[in-house]
Amino acid sequence: MTADLRFAPATGIGSLPGGDAREAARTATGSFEDFPFLPELPARGPGADMIGRTAGMLVELYARVEPSGWRIGDRPGRDTKRARSWLGEDLDALEEFTQGYEGQLKVQAVGPWTLAATLELRNGEVALSDPGACRDLAGSLAEGLRLHLEEVRRRIPGAQIVLQLDEPSLIGVLRGQVRSASGYRTHRAVDRQVVEAGLRDVVGVHAGGPVVVHSCAPDVPFALLRRAGAAAVSFDFALLTERDDDAIGEAVEGGTRLFAGVVPGTDTALSDPAGSVMGVRTLWRRLGLHPGLLAEAVTVTPSCGLAGASPEYARKALAHCAQAARSLADNPE
């Protein structure tokens, strides 16, 4: 991450409720005037979900829906075509609402290890079971992301694109917790250096642009993600423990941005915006970090995607993130 890189104070994670691309784009751009994002609408069905959307981006690898999940096949079928069609629809809507926009814009895709832990090979086992398949999948993903980023730049030329890689299964991959097809055993843990190298290869696709890695699981491997080239780490703030203090302190001092998920992702009563970031202020004091660093080091987000929320709550949650970020900037102590 370059020393002069600055992220905007608040943004969303990616998914929103409903199936109306224009309404989602209006919400994503209207909530964050300086850091909108490309919405995902999984309620539309297979191909609009996180895995399906990314599977549709793959180059020379294709996936179809089976009763057990997404499985790699020989040729593009209707599931691939549907995923690409919905992504095109979402890009059309975002382009409409970002005419003349100049500023940061976030797009999301599933990272290589969550994809490997989810996409099945022809034998029904996930790609994670085969190191060669993992390498092929990462290479296909990298090329697909390169083309996707080119398309977004063409449509929204004034945007400074931020790529978010979603890695909810990363901890399971590192700990050997990904279950086999039978469910009776788990796949062997992948060596941390192999995981780091695989991530680095995909992160490197966004040459000159920042990459955020999002993990909404406990024990986020901050140091590994930083070594892999992530400019920022996105996480559910409620899952932090004091065991994470050292890694977070090192990340902040090393210039890594924290995307702190402090606003719940499903319908609930929201506290006042200042209350939502009280835990961030407390963490800062505990780490002995300068309060003036807060606005420079933290971007406020929901704790995870908002696909499971009501449309009304989703709009409120995004507005709440923007208000909470202003509270941090105005009153860091």
Side-chain angles (χ1 to χ4, degrees), residues 1 50-51 54-55 57-61 63 69-72 108-146 163-207 210-236 239-241 243-251 254 256:
M1 176 172 146
M50 183 172 74
I51 297 296
T54 303
M57 295 180 189
L58 297 175
V59 172
E60 296 181 0
L61 282 178
W70 285 89
R71 181 172 296 183
I72 294 171
Q108 305 82 220
V110 175
W113 293 107
T114 294
L115 208 57
T118 310
L119 275 185
E120 298 173 357
L121 302 174
R122 291 173 181 82
N123 64 4
E125 290 292 352
V126 291
L128 191 68
S129 64
D130 181 337
C134 289
R135 288 191 294 272
D136 291 345
L137 192 55
S140 174
L141 174 63
E143 179 61 14
L145 284 175
R146 187 185 65 76
L163 172 63
Q164 175 180 304
L165 296 175
D166 293 315
E167 283 283 14
S169 299
L170 183 62
I171 305 304
V173 169
L174 288 166
R175 292 183 175 172
Q177 295 170 338
V178 177
R179 291 205 166 275
S180 65
S182 69
Y184 294 125
R185 62 181 181 85
T186 56
H187 294 289
R188 185 178 303 164
V190 180
D191 182 89
R192 294 179 78 88
Q193 290 184 324
V194 173
V195 170
E196 182 183 321
L199 272 169
R200 188 183 298 112
D201 287 346
V202 176
V203 167
V205 165
H206 194 25
V211 176
V212 184
V213 178
H214 170 66
S215 174
C216 50
D219 300 322
V220 175
F222 287 93
L224 184 153
L225 297 178
R226 291 176 59 218
R227 290 194 304 270
V233 180
S234 172
F235 55 94
D236 182 345
L239 298 180
L240 290 185
T241 69
R243 292 198 310 272
D244 298 304
D245 280 7
D246 289 346
I248 290 174
E250 289 172 8
T256 303

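All heavy atoms count here, side chains included; hydrogens, waters and symmetry mates do not. All residue numbers refer to positions in the sequence shown, counting from 1.
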Dump the intermediate steps for salt bridge (Lys or Arg N to Asp or Glu O under 4.0 Å) on Glu196 and Arg192, then the final yes or no.
-> CA-CA 6 Å; Glu196 182 183 321; Arg192 294 179 78 88; over 6 Å; no

Looking only at atom types and distance, does a side-chain atom of Ser169 sit under 3.5 Å from a main-chain N or O of Ala117, one as donor and one as acceptor?
-> no

Check residues 212-219 and write down every donor-acceptor pair under 3.5 Å in which the side-chain atom is one partner and the other belongs to a residue at least two apart or another chain.
unit_1 : atom_1 : unit_2 : atom_2 : d
His214 : ND1    : Ser234 : OG     : 2.8
Asp219 : OD1    : Arg243 : NH2    : 2.9
Asp219 : OD2    : Arg175 : NH2    : 2.8

Okay, side chain of Thr186, backbone of Gly176: is any donor-acceptor separation there less than 3.5 Å?
-> yes

So do the side chains of Phe222 and Asp246 get within less than 4.5 Å of each other, counting heavy atoms only?
-> no

CG-CG distance between Leu121 and Leu128, expressed to the nearest 0.5 angstrom = 9.5 Å

In chain order, what residues pass the side chain to side chain contact (heavy atoms under 4.5 Å, CB included) check against Val203, with sequence neighbours excluded?
-> Leu165, Val211

Would Leu225 and Leu170 satisfy side chain to side chain contact (heavy atoms under 4.5 Å, CB included), going step by step from the backbone distance to the final call?
-> CA-CA 10 Å; Leu225 297 178; Leu170 183 62; 3.8 Å; yes

Write out all pairs satisfying side-chain hydrogen bond (donor to acceptor under 3.5 Å, both in side chains) with one or both partners inside residues 128-143, taking only residues at least two apart or from two chains.
-> Glu143-Arg146

Rounded distance [0.5 Å steps], CD in Glu125 versus CZ in Arg71 = 10.0 Å

Is atom CZ of Arg200 surrounded by more than 12 heavy atoms (other residues, nucleotides or ligands) closer than 6.0 Å?
-> yes

Counting N and O atoms only, with roles assigned by atom type, does the side chain of Trp70 sit under 3.5 Å from a partner on the main chain of Thr118, one being a donor and the other an acceptor?
-> no

Working for side chain to side chain contact (heavy atoms under 4.5 Å, CB included), residues Gln108 and Met50 = CA-CA 9 Å; Gln108 305 82 220; Met50 183 172 74; over 6 Å; no

Residue pair Leu137, Leu61: steps toward the side chain to side chain contact (heavy atoms under 4.5 Å, CB included) verdict | CA-CA 8 Å; Leu137 192 55; Leu61 282 178; 3.9 Å; yes

Could you please spell out the steps behind the side chain to side chain contact (heavy atoms under 4.5 Å, CB included) verdict for Leu141 and Leu58?
-> CA-CA 5 Å; Leu141 174 63; Leu58 297 175; 4.0 Å; yes

